[in-house]
Every structure is written in C-alpha cells, then in structure tokens.
Amino acid sequence: MRKKIVAANWKMNLTLAQGEQLINDILAAGIRLADGQEVVISTPFPYLVKAKSLLKNYPGFYVGAQNCYSEKSGAYTGEVSAEMLQSIGVDYVILGHSERREYFHESNEMLAKKVDQALANGLKPIFCCGEPLAIRQAETQNDYVAKQLEESLYHLTEEQLKQVVIAYEPIWAIGTGLTASAAQAQDMHAFIRSQIAAKYGREAALRMPILYGGSAKPGNAAELFACPDVDGGLIGGASLVAADFAAIVSKLA
C-alpha cells in the first residue's frame with residue numbers, strides 16, 4: 001500500500017505567531033489519519049524548529065522545508081543546506097516547485113543535485129514537475145514532464161527512489177482561472193506512473209506516491225483523491241486556512 005499524503009506549502013506567508021496559531025488550529029480540528037496517511041506542513045525556514053516542536057507528539061504529522069541548496073556547504077550566502085535541515089529534524093523538502101523553476105531559474109540538472117543532497121541527509125524530497133500553459137496548449141505536456149523526471153530523478157537507484165514523492169503541478173491551472181479536471185489530473189498521474197514503471201519496474205511505480213498540486217480545495221479534493229493514481233495533494237493557498245486544510249485532509253479517507 002502506497003502512502004497517501006497531503007502536504008501544506010505556506011510559501012512566503014505568515015509571521016511566526018500566525019504560523020504557530022495556524023498549526024494549533026489545524027491540530028485542534030481533530031484530523032484523524034488512517035494507516036499510511038501523512039500530513040506534511042512545509043513552513044518558511046525561520047519557522048521549522050517551532051513547527052517541529054508543535055507536531056512532535058502527533059503521529060502522521062511531519063515537517064517539510066520549501067527548498068534546499070544544491071551543494072553541501074560553502075560560500076553561498078543566504079542559502080540553506082540539506083544538512084542544516086536534517087540537523088533540526090526536518091522530514092521532507094519540496095524541490096522543483098514551479099515558482100522556484102520560474103523565478104529562480106532552477107534547471108533539471110540543478111534539481112538532480114538538490115535531490116541528491118536531500119537523500120544524502122535523510123530528507124524525503126517532494127519533487128515537483130508539471131507544464132506551463134503553452135506546453136499544455138501544444139499538447140506536448142507528456143514529453144515535457146517526462147524530460148523533467150528523466151533529468152532530475154533517473155540517476156537514482158530504485159532504493160533511493162523509495163524515499164521520493166512526486167507532485168504534479170499543472171502550472172496553467174494555478175492562479176489563472178483555468179481549472180484542471182480530475183480526468184486531466186488522473187491522465188497525467190497515470191502517465192507519470194507509467195514512466196516510473198518503464199524505468200524502475202512495476203513495483204516501484206505502484207509504490208510511488210504522486211500528489212496533485214494544482215489548486216486543490218475542499219470542493220474538489222474528494223473527486224481528485226478518488227482518482228486511482230492521485231495519492232493526495234500539495235496544497236498552497238488552502239493550507240493557510242485551518243478549516244479548509246483540515247477539510248482537504250479529511251477527503252483522503
């Protein structure tokens with residue numbers, strides 16, 4: 001049985017006090033996780049230690065960082081290494097988010113190095129992939145995503161791949177007013193799983209959690225999570241509202 005995961009991505013939002021209140025409100029919502037279900041709270045770097053302390057007594061709840069650097073250490077002012085994250089007990093790290101690719105020009109090759117750093121330090125990468133609008137309109141999204149997977153993940157061994165989670169982001173459906181249907185999400189998730197199967201075998205593909213990262217909300221989460229190849233969500237804006245986030249998590253059941 002593969003994991004079912006809902007991961008919150010707070011992005012660059014909230015003060016420390018607001019973040020602490022949000023976590024407390026999420027915990028107060030009484031979320032009940034079944035076996036194999038996980039919640040990951042990915043906060044800005046300054047809040048990770050606090051988040052870890054608040055979640056430590058809640059089984060199934062984990063802390064994620066939103067990024068790490070591609071090198072182990074060195075003269076990289078302002079960057080945060082995977083080793084630093086490991087040292088404070090971070091569990092997951094989001095890598096290759098569409099905003100990082102767009103605004104900070106992160107390449108597939110750089111992300112391969114970030115994945116390596118994360119795995120070397122015991123972090124579980126949530127590896128993001130997905131196509132922009134022009135690629136979707138040209139109907140070349142499969143080739144586009146396949147290249148992201150090949151250039152950033154296919155150097156891994158099957159054993160290393162067991163620690164990776166994939167998140168599919170239809171970039172064209174995030175904040176544009178356009179909406180990806182559950183069928184479109186399922187089609188791409190199934191394609192991603194087929195690519196993993198072709199490279200690593202059927203068992204590895206069946207084991208791989210693939211999350212949907214395209215503006216999941218309480219109103220569409222149940223339909224999305226009912227798709228056979230959608231194993232949860234990477235949640236942006238809705239993760240900043242405790243009631244909405246708790247409602248989305250409840251749809252995993």
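Side chains are part of it too, since the values below use all heavy atoms of this structure and drop only hydrogens, waters and symmetry mates. Count residues from 1 along the sequence.
- Of the candidates Glu151, Glu71, Glu106, Lys113 forms a salt bridge (Lys or Arg N to Asp or Glu O under 4.0 Å) with just one, namely Glu71.
- The nearest pair of heavy atoms linking Cys129 to Val145 is SG-CG1, 3.9 Å.
- Between the side chain of Asn24 and the backbone N or O of Glu20, at least one donor-acceptor pair lies under 3.5 Å.
- Counting heavy atoms from C-beta on, the side chains of Glu38 and Val165 never come closer than 4.5 Å.
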Determine, step by step, whether Met188 and Asn142 satisfy the side chain to side chain contact (heavy atoms under 4.5 Å, CB included) criterion, reporting the C-alpha distance in whole Å, the side-chain angles of both residues, the deciding distance to 0.1 Å, and the verdict. CA-CA 7 Å; Met188 180 55 81; Asn142 286 4; 3.5 Å; yes
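- Side-chain contact check for Ile196 versus Leu161: some heavy-atom pair is nearer than 4.5 Å.
- Between the side chain of Thr140 and the backbone N or O of Asp143, no donor-acceptor pair lies under 3.5 Å.
- Under the 4.5 Å side-chain heavy-atom criterion for Ile, Leu, Val, Met, Phe, Trp and Tyr, Met208 and Leu234 are members of distinct hydrophobic clusters.
- From Phe45, atom CZ reaches atom CE of Met84 across 10.0 Å, with rounding to the nearest 0.5 Å.
- Pro132 has its side chain within reach of Tyr144: a pair of non-hydrogen atoms, C-beta onward, lies under 4.5 Å apart.
- Within a 6.0 Å radius of CZ in Arg202, other residues, nucleotides and ligands contribute 12 heavy atoms or fewer.
- Closest non-hydrogen pair, Ala242 versus Leu22, comes out as N-CD1, 3.6 Å.
- One side chain, Asp229 or Gln186, offers a donor N or O that lies under 3.5 Å from an acceptor on the other.
- Counting heavy-atom neighbours within 6.0 Å of Tyr58 OH, excluding the residue itself, gives a total of 12 or less.
- Partner Asn67 forms a side-chain hydrogen bond (donor to acceptor under 3.5 Å, both in side chains) with one of Glu99, Lys114, Glu79, His97 and no other, that one being Lys114.
- For the pair Leu54/Phe61, no side-chain contact is recorded, criterion being any heavy-atom separation below 4.5 Å from C-beta on.
- Looking only at distances, a side-chain donor or acceptor of Arg101 sits under 3.5 Å from a matching main-chain atom of Cys128.
- Here the side chain of Arg207 pairs no donor or acceptor atom with the backbone of Arg2 at under 3.5 angstrom.
- The shortest heavy-atom contact between Lys199 and Tyr154 is CE-O, 3.4 Å.
- A side-chain hydrogen bond (donor to acceptor under 3.5 Å, both in side chains) with Asp231 holds for exactly one of Lys4, Lys3, Gln37; it is Lys4.
- For Tyr200 (side chain) and Leu156 (main-chain N/O), a donor-acceptor pair under 3.5 Å exists by modelled atom type.
- Between the side chain of Arg100 and the backbone N or O of Leu95, no donor-acceptor pair lies under 3.5 Å.
- Note that the CG atom of Leu206 and the CZ atom of Arg193 stand 7.0 Å from one another [nearest 0.5 Å].
- In this structure the side chain of His155 reaches within 4.5 angstrom of the side chain of Asp116, judged on heavy atoms.
- Using a 4.0 Å cut-off between charged side-chain N and carboxylate O, Lys162 and Glu159 make a salt bridge.
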Show the numbers, then the answer: is there a side-chain hydrogen bond (donor to acceptor under 3.5 Å, both in side chains) between Tyr92 and Gln163? CA-CA 10 Å; Tyr92 284 87; Gln163 302 304 312; over 6 Å; no
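- A distance of 9.0 Å separates CD in Gln141 from CD1 in Ile135, rounded to the nearest 0.5 Å.
- Residues Ile31 and Phe225 fall within the same hydrophobic cluster, defined by Ile, Leu, Val, Met, Phe, Trp and Tyr side chains chained together at heavy-atom separations under 4.5 Å.
- No donor-acceptor distance shorter than 3.5 angstrom exists from the side chain of Ser152 to the backbone of Leu149, with no hydrogens or angles considered.
- For Gln66 (side chain) and Asn9 (main-chain N/O), no donor-acceptor pair under 3.5 Å exists by modelled atom type.
- With rounding to the nearest 0.5 angstrom, the CD atom of Gln184 is 3.5 Å from the OG atom of Ser181.
- Residues Ala8 and Ser239 come closest through the heavy atom pair CB-CB, 3.4 Å.
- In this structure the side chain of Tyr212 reaches within 4.5 angstrom of the side chain of His189, judged on heavy atoms.
- By the criterion of side-chain heavy atoms lying less than 4.5 angstrom apart, applied directly or through intervening Ile, Leu, Val, Met, Phe, Trp or Tyr residues, Ile5 is not grouped with Leu55; the two fall into different hydrophobic clusters.
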Step by step, would you call Val63 with Ile88 a side chain to side chain contact (heavy atoms under 4.5 Å, CB included)? CA-CA 10 Å; Val63 174; Ile88 59 173; over 6 Å; no
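- Taking CG from Leu240 and CG from Asn13, the interatomic distance works out to 5.0 Å, rounded to the nearest 0.5 Å.
- Considering OG1 of Thr43 and CE of Met12, their distance stands at 14.0 Å, rounded to 0.5 Å.
- Other residues, nucleotides and ligands contribute at most 12 non-hydrogen atoms within 6.0 Å of the CD atom of Glu223.
- Tracing side-chain contacts under 4.5 Å through hydrophobic residues (I, L, V, M, F, W, Y), one never reaches Ile41 starting from Ile94; they form parts of separate clusters.
- Within the 4.5 Å cutoff, the side chain of Lys52 has heavy atoms near those of the Asp91 side chain.
- The minimum heavy-atom distance linking Leu85 with Ala65 is given by the pair CD1-CB, 3.6 Å.
- For the pair Ile174 and Ser215, the tightest heavy-atom approach, listed with the atom from each and the gap, is CA-OG, 3.8 Å.
- Contact of the Ile23 side chain with the Tyr47 side chain is not registered, since no non-hydrogen atoms from C-beta on lie closer than 4.5 Å.
- Residues Val40 and Phe127 do not share a hydrophobic cluster, defined by chaining ILVMFWY side chains whose heavy atoms lie under 4.5 Å apart.
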